[in-house]
Amino acid sequence: MCKLVIEGGRPLQGTIDIQGAKNAALPVLAACVLCESPCVIHNCPGLLDVDASCKILKHLGCRVKKEKGTVTVDPTNVAECSIPDALMREMRSSIVFLGAIAARLGQARISFPGGCELGPRPIDLHLAALRKLGLVINEGHGFLDCHCTGRLHGETIALSFPSVGATENILLAAVTAEGLTTIINAAREPEIADLASFLNRCGAKIRGAGESVVEIEGVDALHGSEHRVIPDRIVATTYMTAAAVTGGELELRGVQHTHLSPVVPVFLEAGCAIRADKENLFLRAAHSLHPLRCVRTMPYPGFPTDAQAPVMAMSTLAEGNSLFVENIFENRYKHVPELVRMGASIKLEGKVAVVEGVRALFGAPVVAADLRGGAALVVAGLAAEGTTEVTGLHHIDRGYTSIEQDLASVGARIRRVSSAE
Ligand code: EPZ
């Protein structure tokens, strides 16, 4: 077991290269199952979830090679249609393998996925959509036994909620289905458009990805191709909060600043100065942080739920009260009691959190309970007076390639040590 030891109070200053997006890399790796020749995926972040995806790909019969940020997948001999429970439980996005395996092999046997405990993570929208495309799904004893006679067939699917995962599963199942599939109320996250651009490079015919209505014209087969994963907008946002809360200034390199449009207004409201060019974003902290009138998490292009925790950590030191409304997940405030342990003043009422700015936070031993909540504790530790120790790092390592190296490179006093120390 390891922990991060953080000595707070140092303004961050310098440049950080932003890693590839976890939530783009994972569905793109799953999509390789659909291809009948090798794929080369660049800018894959070195994360536990990427490792888990590679383990699933190997289990299915793919040859997988990882060299730094490039993952080469040869899916020529995919033959296995099941994913063991232990592998399924390692992450949430294992569920998007379902659409890909079923489309490629005509059958699939998986258990329910794992991932952050952000409240119940149902997959009803995934299953209803796949059933509509012709997949027969028998649920029982924690497993899903799926098969289809012949090819899946195109349909019009209206999602009651623009679920990211369900949209990805439909894309993966529909690209080689018979006929046209139309998704209404599709998720519009940039990771959806990235998945579609990879699939189209493999020969798929997808139109409108990134918009609410997406059309997929089924093709007979997909070939492999090369792809570079988009940068991680949530990691970028996390580092923006770290600069803002420590009174520093950071240049983030390799970002797609259009993907940050939903969060930039919040940093401007907090009083930060932001400048962006094609691939870089520069943030200078406010002299004193202004409170945030109301941060409501919404599907893209609304404010991202994944940014709620780090931005809340920043707001704990604002001069006044900030309001958060978490509309996407039922249980995404597990970082709050840990922030309170550091001296933050936060009141929770259902999906609403009221953050009363305090003069200072104080270092304390805190425990990460999920990925972005853990990152928020690191951000708070950077600003706190004294030493903060963060455990539960397996959560953080699922989404941040090298959080302590990145932050130390711009002046943070942060190190990873064994918990025994
Ligand atoms: C993806 O999760 C991301 N994960 C999440 O990022 C992100 O928070 C989320 O999208 C929203 O942007 C990956 O891409 C691997 P959803 P996903 O389906 O697909 C409900 C991180 O920190 N829902 O859009 O699981 C669901 O319960 C992670 O990187 C159903 O009710 O999100 C939730 O309330 C955390 N039925 C809401 O929709 C379903 O069948 C959003 O879920 C599916 C979802």
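Atoms within each ligand, like the ligands themselves, are counted from 1 in listed order.
When non-hydrogen atoms are compared, ligand 1 lies under 4.0 Å from neither the backbone nor the side chain of Ile234. Heavy atoms of Val164 found under 4.0 angstrom from ligand 1 belong to the backbone as well as the side chain. By the criterion of a heavy-atom distance under 4.0 Å, the side chain of Arg332, and not its backbone, is placed next to ligand 1. By the criterion of a heavy-atom distance under 4.0 Å, the side chain of Leu371, and not its backbone, is placed next to ligand 1. The part of Lys22 lying near ligand 1 is the side chain, judged by heavy-atom distances below 4.0 Å. Using a 4.0 Å cut-off between heavy atoms, Thr305 contacts ligand 1 through its side chain alone, with no backbone atom that close. Heavy atoms from both the backbone and the side chain of His126 come within less than 4.0 Å of ligand 1.
Near Ile123, meaning under 4.0 Å from any of its heavy atoms, are these atoms of ligand 1: 39 (C), 40 (O). Each of the atoms 21 (C), 22 (O), 29 (O) of ligand 1 lies under 4.0 Å from some heavy atom of Arg372. Heavy-atom contacts of Gly165 reach the following atoms of ligand 1: 18 (O), 19 (O) (cutoff under 4.0 Å). Set against the non-hydrogen atoms of Phe161, the atoms of ligand 1 under 4.0 Å away are 37 (C), 38 (O), 41 (C).
The pair Asp85-Arg89 counts as a salt bridge, with a side-chain nitrogen and a carboxylate oxygen less than 4.0 angstrom apart. Taking the charged nitrogens against the carboxylate oxygens, Lys351 and Glu326 have no contact shorter than 4.0 Å, which rules out a salt bridge. A salt bridge links Glu217 with Arg207: at least one charged nitrogen is closer than 4.0 Å to a carboxylate oxygen. Salt-bridge annotation for Lys66 and Asp51: present, with a side-chain N of the basic residue lying under 4.0 Å from a carboxylate O of the acidic one.
At under 3.5 Å, a nitrogen or oxygen of Ser163, whether backbone or side chain, sits near a nitrogen or oxygen of ligand 1.
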Between Val379 and Tyr239, does the side-chain contact (heavy atoms from CB on, under 4.5 Å) criterion hold? Intermediate values first, please.
CA-CA 8 Å; Val379 169; Tyr239 293 158; over 6 Å; no
Would Val96 and Leu172 count as a side-chain contact (heavy atoms from CB on, under 4.5 Å) if you check the C-alpha gap in whole Å, the side-chain angles of each, and the deciding distance to 0.1 Å?
CA-CA 8 Å; Val96 292; Leu172 293 171; 4.1 Å; yes
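Here the shortest heavy-atom pairing between Leu159 and Ala186 reads CD1-CA, 4.3 Å.
For Ala166, the heavy-atom gap to ligand 1 stays at 4.0 angstrom or more.
If you check each of Gly399, Pro122, Pro299 against atom 44 (C) of ligand 1, the one with the closest non-hydrogen atom is Pro122. Summarising the contacts of atom 13 (C) of ligand 1 with Asn23, Ile192, Leu26, Ile328, the nearest heavy atom is found in Asn23.
Remark: Ala103 pairs with Leu34, Leu152, Thr176 by the side-chain contact (heavy atoms from CB on, under 4.5 Å) rule, at least two apart or across chains.
Summarising the geometry, atom CG belonging to Asn200 is positioned 4.5 Å from atom CD1 belonging to Ile206; distances are rounded to the nearest 0.5 Å.
Summarising the local packing, CZ of Arg296 is surrounded by 12 or fewer heavy atoms from other residues, nucleotides or ligands at distances under 6.0 Å.
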